[in-house]
2 protein chains.
Amino acid sequence: MDRNSISNQLIKNNIKPSYARIKIMEYLIQQKNHPNVDEIYTELVKDIPTLSKTTVYNTLNLFNEAGLIKVITIEENEARFDADTSEHGHFKCENCNKIYDFFVKLEGIEISGLENFKIRQKDIFFKGICAKCINYINNN
Amino acid sequence: MDRNSISNQLIKNNIKPSYARIKIMEYLIQQKNHPNVDEIYTELVKDIPTLSKTTVYNTLNLFNEAGLIKVITIEENEARFDADTSEHGHFKCENCNKIYDFFVKLEGIEISGLENFKIRQKDIFFKGICAKCINYINNN
DNA sequence: AATAAAAATGTAATTATTACAAATATGTAA
DNA sequence: TTACATATTTGTAATAATTACATTTTTATT
């Protein structure tokens, strides 16, 4: 997704495509690394020296309210962000702290207790040890 | 679960069953209301006037590390706690902010991308509007 | 160029959580 | 019981993520 289509996507959602907004969305789309606010800020301030953290917060909140991104609350102390709003789960490795995406098919899943509830968002968070870390631990 | 069996459960997990610890666990088991730290503290300080919030934090961390409770990170700003460690999902109503338990059968769910990963914990968080609030909104 | 509206900025405030040292309580051996 | 070591609790201060808000800057339009 290039800057032009990002710009169009923002306009479609009634968000004016300012430079900072485009860069933040571009970063989320390109990196796919589920960054926290600090990582986004630290990376982008290299390109936009006047960027402030408040702008990052404002922008992410704006994107979230528009449904353009998802807030990942898999960590207990900070929010992470994901521009991929399609259905997928997140796995946090408790050894290396990396967050992985995984495919999960929720359609047809057996659920009860939410009859007549309106479900707007589904978050699937798994935690454990990733394959890389298991491998490393086993060989050391 | 009475205080004696709570006490035994703690001992089994190498946690000395102090008065505060038993009361905190008892509260979690009885209330089942997914309280945050402040709610636990505010309720229990009535019975234990010397209770400090730090003790509540210490105790909950201890319980969590022992696997006796689950930390619910469905909210973006605070942790909630659940003594029910059996497999179930949590639904947060964005209107009344209540957190509901629901039954979910994860066994046999279609997943890929976590081959050779060790999964230790599975959290299912849904958000939306609960039936009560939908009903209320429709009639007003 | 003037103006109005929107966006970005910087600082201060808020709030959940943790760190840590001091005080208190508990259990055990003499 | 008393002395002592250990564990628990407490209170305060520090940390860190997030938000509030007023000011400044940018943008778009006339």
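Naming: A, B, ... by sequence-line order, numbering from 1 per chain. Because the structure is predicted, anything quoted here is derived from the model rather than measured.
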(message) Please compare A:Tyr57 and B:Leu51 by the position of their nearest nucleotide in DNA chain D and report the one closer to 5'.
(response) B:Leu51
(request) Sorted by first residue and then second, give each side-chain hydrogen bond (donor to acceptor under 3.5 Å, both in side chains) pair with at least one member in residues 125-139 of chain B; sequence neighbours left out. (result) none
(request) Identify whether A:Ile74 and B:Ile124 are in the same connected component of the hydrophobic contact network (ILVMFWY, side-chain heavy atoms under 4.5 Å). (result) no
(request) May I have all residue pairs that pass salt bridge (Lys or Arg N to Asp or Glu O under 4.0 Å) and include part of residues 83-92 of chain B, sequence neighbours excluded? (result) B:Glu75-B:Lys92
(message) Classify A:Thr54 by what it touches in the nucleic acid, base, sugar-phosphate, or nothing, heavy-atom distance under 4.0 Å.
(response) base
(request) Look at atom NZ of B:Lys118 and say whether more than 12 heavy atoms of other residues, nucleotides or ligands are closer to it than 6.0 Å. (result) no
(request) Using a heavy-atom cut-off of under 4.0 Å over every strand shown, decide if B:Thr55 touches base, sugar-phosphate, or nothing. (result) base
(request) Linking directly or through intermediates, with side-chain heavy atoms under 4.5 Å: list the remaining ILVMFWY members grouped with B:Ile129, chain and number order. (result) B:Ile134, B:Ile137
(request) Only pairs at least two apart or in different chains count here, so list each side-chain hydrogen bond (donor to acceptor under 3.5 Å, both in side chains) that has a residue in residues 101-111 of chain B. (result) B:His34-B:Asp101, B:His88-B:Asp101, B:His90-B:Asp101
(request) Determine, for A:Asp82 against A:Lys32, whether the closest basic-nitrogen to carboxylate-oxygen distance falls under 4.0 angstrom. (result) no
(request) Please name all residues satisfying ring-ring contact (aromatic ring centres under 6.0 Å, His included) with B:Tyr100, sequence neighbours left out, ordered by chain then number. (result) A:Phe117
(request) Determine whether B:Val37 and B:Ile72 fall in the same hydrophobic cluster, where Ile, Leu, Val, Met, Phe, Trp and Tyr are linked whenever their side-chain heavy atoms lie under 4.5 Å apart. (result) no
All N/O donor-acceptor pairs, side-chain side in residues 13-21 of chain B, below 3.5 Å, sequence neighbours left out:
unit_1, atom_1, unit_2, atom_2, d
B:Asn13, ND2, B:Gln9, O, 2.8
B:Ser18, OG, B:Arg21, N, 3.3
B:Arg21, NH1, B:Lys16, O, 3.0

(request) Applying ring-ring contact (aromatic ring centres under 6.0 Å, His included), name anything that partners A:Phe81, two or more places apart in sequence or on another chain. (result) none
(request) Under 4.0 Å from any atom of DNA chain C, heavy atoms only: list the residues of residues 65-78 of chain A that qualify, in numerical order. (result) none
(message) Nearest 0.5 Å, please: how far is CD in A:Glu26 from CG in A:Asp47?
(response) 9.0 Å
(message) Need two values: the first and the last nucleotide of DNA chain C, 5' to 3', having an atom under 4.0 Å from any heavy-atom of chain A.
(response) C:dA6 to C:dT11
(request) Name the first nucleotide and the last nucleotide along DNA chain D (5' to 3') that come under 4.0 Å of a heavy atom in chain B. (result) D:dA7 to D:dT12
(request) Could you list the residues that satisfy ring-ring contact (aromatic ring centres under 6.0 Å, His included) with A:Phe125, not counting sequence neighbours? (result) B:Phe125
(message) Can you list, in residue-number order, the parts of residues 25-46 of chain B that come under 4.0 Å of DNA chain C, counting heavy atoms only?
(response) B:Val37
